[in-house]
Amino acid sequence: MIGDIDERRAPLLDHLIELRRRLLWSIAALGGAFFACLYFAEPIFAFLVQPLIAAGQGKIIYTDVFEAFFVNLKVAFFAAIMVAFPVMATQLWAFVAPGLYRQEKRALLPFLMMTPVLFTAGAALAYYVAMPVALRFLLGFQGDVGGIQQEALPGVGNYLSFVTKFIFGFGVAFLTPVLLMLLERAGIVTRAQLVAGRRYAIVIAFVIAAVLTPPDVLSQLLLAVPLVLLYELALIAIWFTERRRSRARPAVDAQPGGDDAAA
């Protein structure tokens, strides 16, 4: 009995040791990237404020003695996540992959490779298109208001929160096709269900855009329209994968063992 218990516990212990090793590599990558990005925190922040400068704002302030210092730390951490993500994703894949069948690996690996591409596309749209539009709208409230001069003086901490919200929000939103394709691949939803729920997806896209962007219509459309297009792109991609699986199914059934081979 004791021997049986030890045999059952040993694989779990091996998995925990492997998980700890992968986590340590990920933390080390994040820590190394953080200190490297901390050295370049000011140039990175200078890059992030370019949309604010393009919108006509030439001054940014801090009112707390420690605010500028903590902003540098936040900038470094924000950039470190971007830099270390490939390493962390690789460690996650190295931990999960040994437990997957060959077919599952072939199915999941393209999704993992699409993630940084789609996230970067969303972040680029936020930085180069949505943020300048939103900032011009928000800074347009400056001027004379009832006989008093109203002037915008953005704080460094407030502006950094604005930037990270936009970049992460757009980046994560652009991962919609990956999420939908994984849900379909796992059998949680079908393409028919996604097609039937298209109208709800459009409403949800505009709700997400309303939450993540300023209250002007143009900024909301800049996020909502790509989300709707990405939803349609996911439906097209799922249609192609379904056709490929349907063509491969007869060949699998023809092999000795039939369904056993497919499993």
Side-chain angles (χ1 to χ4, degrees), residues 27 29-85 88 116 119-175 205-227:
I27 293 172
L30 183 61
F34 172 78
F35 286 108
C37 293
L38 184 60
Y39 181 79
F40 296 101
E42 289 189 8
I44 295 172
F45 189 68
F47 173 77
L48 294 177
V49 298
Q50 292 307 307
L52 185 63
I53 296 173
Q57 182 68 26
K59 182 184 291 187
I60 193 167
I61 66 171
Y62 64 93
T63 56
D64 191 346
V65 175
F66 295 103
E67 187 177 7
F69 170 72
F70 283 118
V71 163
N72 280 347
L73 295 180
K74 292 177 182 178
V75 167
F77 184 71
F78 171 71
I81 293 176
M82 304 289 189
V83 173
F85 176 79
M88 293 188 291
F119 184 90
T120 303
L125 178 65
Y127 180 84
Y128 290 106
V129 181
M131 281 176 52
V133 171
L135 286 170
R136 280 194 291 270
F137 169 78
L138 296 172
L139 294 175
F141 292 97
Q142 298 184 90
D144 184 78
V145 179
I148 190 169
Q149 192 68 21
Q150 184 169 270
E151 182 181 3
L153 292 174
V156 288
N158 179 265
Y159 178 74
L160 181 63
S161 298
F162 172 84
V163 171
T164 53
K165 178 182 177 181
F166 254 79
I167 292 179
F168 273 123
F170 273 68
V172 172
F174 267 56
L175 298 180
F206 277 90
V207 170
I208 293 173
V211 172
L212 294 179
T213 61
D216 64 297
V217 177
L218 184 56
S219 297
Q220 294 176 8
L221 288 175
L222 286 173
L223 178 57
V225 172
L227 281 178

**Message:** As an exercise, state the distance from CG of L135 to CD1 of I53, rounded to the nearest 0.5 Å.
**Reply:** 11.0 Å
**Asked** Would you find a donor on one side and an acceptor on the other, under 3.5 Å apart, between the side chain of Q57 and the backbone of P154?
**Response** no
**Asked** Aromatic ring centroids of F47 and Y127 under 6.0 Å?
**Response** yes
**Asked** Do L38 and F77 come within less than 4.5 Å of each other through their side chains, counting heavy atoms only?
**Response** no
**Request:** Indicate the atoms forming the closest heavy-atom contact of N158 with E67, along with that distance.
**Result:** N-OE2, 4.4 Å
**Shortest non-hydrogen contact between I44 and A79, atoms and distance** = CD1-CB, 3.8 Å
**Message:** Return the CD to CD1 distance between Q220 and I208, rounded to the nearest 0.5 Å.
**Reply:** 12.5 Å
**Message:** So which atom in Y128 and which in P132 form the shortest heavy-atom distance, rounded to 0.1 Å?
**Reply:** O-CG, 3.7 Å
**Request:** Grab the two heavy atoms, one from L125 and one from P226, that are nearest each other, plus how far apart they are.
**Result:** CD2-CG, 3.8 Å
**Complete:** A41 and N72 have their tightest heavy-atom pair at CB-O, 3.8 Å
**Request:** Apply side-chain contact (heavy atoms from CB on, under 4.5 Å) to the pair L138 and F162, showing each step before the final yes or no.
**Result:** CA-CA 12 Å; L138 296 172; F162 172 84; 4.0 Å; yes
**Inter-residue atom distance F174.CZ - L227.CG, 0.5 Å rounding** = 7.0 Å
**Prompt:** Is there side-chain contact between M82 and I167, with at least one heavy-atom pair below 4.5 Å?
**Reply:** yes
**Prompt:** Is E42 atom CD crowded by more than 12 heavy atoms from other residues, nucleotides or ligands, each under 6.0 Å away?
**Reply:** no
**Stepwise side-chain contact (heavy atoms from CB on, under 4.5 Å) test for L139 and L52** = CA-CA 9 Å; L139 294 175; L52 185 63; 4.1 Å; yes
**Asked** Would F34 and I81 satisfy side-chain contact (heavy atoms from CB on, under 4.5 Å), going step by step from the backbone distance to the final call?
**Response** CA-CA 8 Å; F34 172 78; I81 293 176; over 6 Å; no
**Nearest heavy atoms of C37 and V83, plus distance in Å** = SG-CG2, 4.2 Å
**Prompt:** Can you tell me how far the CD1 atom of I61 sits from the NZ atom of K59, to the nearest 0.5 Å?
**Reply:** 8.5 Å
**Prompt:** Considering only heavy atoms from C-beta outward, does the side chain of L160 approach that of F78 to under 4.5 Å?
**Reply:** no
**Prompt:** Would you say the side-chain atoms of Y159 pair up with the backbone N or O of L48, donor to acceptor, closer than 3.5 Å?
**Reply:** yes
**Message:** Nearest 0.5 Å, please: how far is OG1 in T120 from CZ in F85?
**Reply:** 9.0 Å
**Message:** I'd like to know whether the aromatic ring centres of F166 and F170 sit less than 6.0 Å apart in this structure.
**Reply:** yes
**Message:** Just so I know, are the side chains of K74 and F45 near enough to count as touching, which here means a heavy-atom distance under 4.5 Å?
**Reply:** no
